Structure formats: structure tokens, C-alpha cells
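Below is one structure, written out as C-alpha cells; comments come after it.
Reckoned from all heavy atoms, side chains included, excluding hydrogens, waters and symmetry mates. None of the values given here were measured: they were computed from a predicted structure.
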Amino acid sequence: MVKVITNFFKRIFSSLFKNVGDVKLGFYGPPNAGKTSLANRVCKDFTGEEMGNVSKVPHETRNVQFKEKVEIEYKGKKMTFKMIDTPGIATKIDYEDFLKYKVNKKDAKSRAKEATQGIVESIKWLDDMDIVVIVLDASENPYNQVNITIIGNLVARKIPVLIAANKIDLKKADMKKIEAAFPEYDVVGISAKKGKNLEEFYESVFKLSKKIKK
Ligand SMILES: Nc1nc2c(ncn2[C@@H]2O[C@H](COP(=O)(O)OP(=O)(O)OP(=O)(O)O)[C@@H](O)[C@H]2O)c(=O)[nH]1
Ligand SMILES: [Mg+2]
């Protein structure tokens, strides 16, 4: 009987507060930007485990992958996240692009097919996110259809967005250009690979979590 009553109150409580429980943190962005590298870095820091494979070949992540109960600590404060690493979103996938990475034709074709399905999956999961980190390569031109489409989708769904300008260790990285492209969003420059500026990243994620619509 006690259990029935507890469950009843739990149900009422969670229907009142949609975001009760762990914060669903999605990593979105174009292929090869470093989403998995960043997700791995965060996971490794706080759980000791990694999330998935990293590769210089684009579309390495072709299925949405999850890590539950990642407790991030920043300046003595703790928050628990469900992390979601997603396949890179692209407007065009051509199997021939994989051939230059010494992927054989058959594998390149199946990689292209899986990558296309992966994009559909990424978009499908968007609705489920509480907050989203858009991971961009800071050495590349930020003005492109993919970035604009992802941000537009998030704004329409009122999902708080943080832009992580990754690969700031590269000479070509241009933070000013990224900031100028997205003046109305928080932009944090990081290097997932070298572990640069992660503290600032965690601070921004905590700040972002306060913006979740109840
Ligand atoms: N120089 C540099 N390279 C990085 C950094 N972060 C990731 N990389 C490299 O960028 C490539 C792509 O990294 P991933 O983490 O697989 O990128 P992703 O966004 O998950 O890519 P998809 O799964 O294909 O969408 C790899 O070769 C990484 O080693 C960084 O901070 N600096
Ligand atoms: Mg990936």
C-alpha cells in the first residue's frame, strides 16, 4: 500500500515537473567536429569510461549513443546528466568521399547508407533533449546550412543551446569568427583532444541547465 501511494506521488510529481531527474544533454553538430571526443572527455573525467569511437574519417558515429548517470562536478556543485552523443548531421553524403580515407568501395557505400540513417536518428532524438551542446570545428567556416538548421530546430523547440567551438589548438581556429556568427548564443572555445578550457565548458553547461523550461 505504501508503495502504491509513493508511486502515485512520484507520478504526480514528475508530471508537474517535466524535467525531474537527470538532465538530458545532447551533443550535436556536423561530422568530424569532435562531438564524440568531447563526450568521451567528459565521461572519462567523471566516470572513468569513454562513450564511443573517434576517427578522422567523417560519420564515425552512425548511431545515437547514450551514457546514463554522469555526475559532473563543478566548483563543489554536482549535477547528473544523461549524455547523448549523436551522428554528425550533413546535407550531403557521398560514398566517394570516404574512398580517400582508404575505405574500400563496399564499406564506403554501407558507411554512406548508415550515415544517412544516422542523421535521421539524430533529428528524431532532438525533441528529447533538455539542453544541447553544438560542437563545431573552430577552424572551419561556421556559416553553413547544417549549423543554421540545427540551431533553428532547437530554437523552435525552446531547447537551450551552447556552442562549443572545438579544436582551438589548431592554428587555423578562429574564435572571433565563431562568436560573430552566433552573437545571441554562449560560445565556449575548447580543445576536446588536448583537454583545453574544460572548466569553462562545465561552467557553461551548468549555466545552460538553469535555462531548461519547466
Ligand atoms: N586538433 C584537434 N583535433 C580534434 C579535437 N577534437 C577532436 N579532434 C579530431 O577530430 C576528428 C573527429 O573527432 P570525433 O570526435 O570522431 O568527431 P565527431 O564529431 O564525433 O564525428 P562524427 O561521429 O563523424 O560525427 C578525430 O580525428 C579527432 O581526433 C581537438 O580538440 N583538436
Ligand atoms: Mg562521433
* To do: In sequence, state the C-alpha distance, the side-chain angles, and the governing distance for I134 and V132, and then conclude on side chain to side chain contact (heavy atoms under 4.5 Å, CB included).
  => CA-CA 6 Å; I134 298 183; V132 165; 4.0 Å; yes
* **side chain to side chain contact (heavy atoms under 4.5 Å, CB included) evaluation trace for T36 with N53** => CA-CA 7 Å; T36 308; N53 281 346; 6.0 Å; no
* **I119 and I93: CA distance, side-chain angles, deciding distance, side chain to side chain contact (heavy atoms under 4.5 Å, CB included) verdict** => CA-CA 10 Å; I119 294 172; I93 298 171; 3.5 Å; yes
* Take I163 and I151, measure what side chain to side chain contact (heavy atoms under 4.5 Å, CB included) needs, and give me the verdict at the end. => CA-CA 10 Å; I163 294 167; I151 292 185; 4.0 Å; yes
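In terms of modelled atom types and a separation under 3.5 Å, the side chain of S122 and the main chain of P87 share a donor-acceptor contact. In terms of modelled atom types and a separation under 3.5 Å, the side chain of T61 and the main chain of T86 share no donor-acceptor contact. Using a distance-only test at 3.5 Å, with no hydrogens or angles considered, a donor-acceptor pair links the side chain of N144 to the main chain of N147. Without hydrogens or angle criteria, Y185 side chain to V161 main chain gives no donor-acceptor distance under 3.5 Å. At least one donor-acceptor pair closer than 3.5 Å links the side chain of Y28 to the backbone N or O of L126. Using modelled atom types, no side-chain atom of K196 and backbone atom of N166 make a donor-acceptor pair closer than 3.5 Å. For N197 (side chain) and G189 (main-chain N/O), a donor-acceptor pair under 3.5 Å exists by modelled atom type. Judged purely by atom type and a 3.5 angstrom limit, N104 uses its side chain to pair as donor or acceptor with the backbone of D107.
The only member of T47, D22, T80 that meets side chain to side chain donor-acceptor pair (under 3.5 Å) when paired with K69 is D22.
Taking 4.5 Å as the limit, some side-chain heavy atom of Y95 sits within range of a side-chain heavy atom of K109. Looking at V23 and V205, their side chains never come closer than 4.5 Å, going by heavy atoms from C-beta outward. Under the 4.5 Å side-chain criterion, counting only non-hydrogen atoms from C-beta, D127 is in contact with R157. In this structure, V57 and R111 have side chains that are in contact, with non-hydrogen atoms separated by less than 4.5 Å. Side-chain atoms of H59 and F98, non-hydrogen and from C-beta on, do get closer than 4.5 Å to each other. Between K82 and I84 there is a side-chain heavy-atom pair separated by less than 4.5 Å.
Using cut-offs of 30° and 60° for the angle between ring planes, the F206 and F81 rings count as tilted.
Nearest approach of M51 to K67, heavy atoms of both residues: CE-N, 3.7 Å. Annotation for G34 and V135: closest pair C-CG1, 3.9 Å, computed over non-hydrogen atoms.
Atom CD of E73 has more than 12 neighbouring heavy atoms from other residues, nucleotides or ligands inside a 6.0 Å radius.
A salt bridge links K207 to D186: one of the charged nitrogens lies within less than 4.0 Å of a carboxylate oxygen. A salt bridge links K167 to D137: one of the charged nitrogens lies within less than 4.0 Å of a carboxylate oxygen.
Summarising the geometry, atom CD1 belonging to I178 is positioned 8.0 Å from atom CG belonging to N141; distances are rounded to the nearest 0.5 Å. Atom CG of residue D130 and atom OG of residue S209 lie 8.5 Å apart, to the nearest 0.5 angstrom. Taking NZ of K194 as the reference point, atom CG of D169 lies at 4.5 Å (rounded to 0.5 Å).
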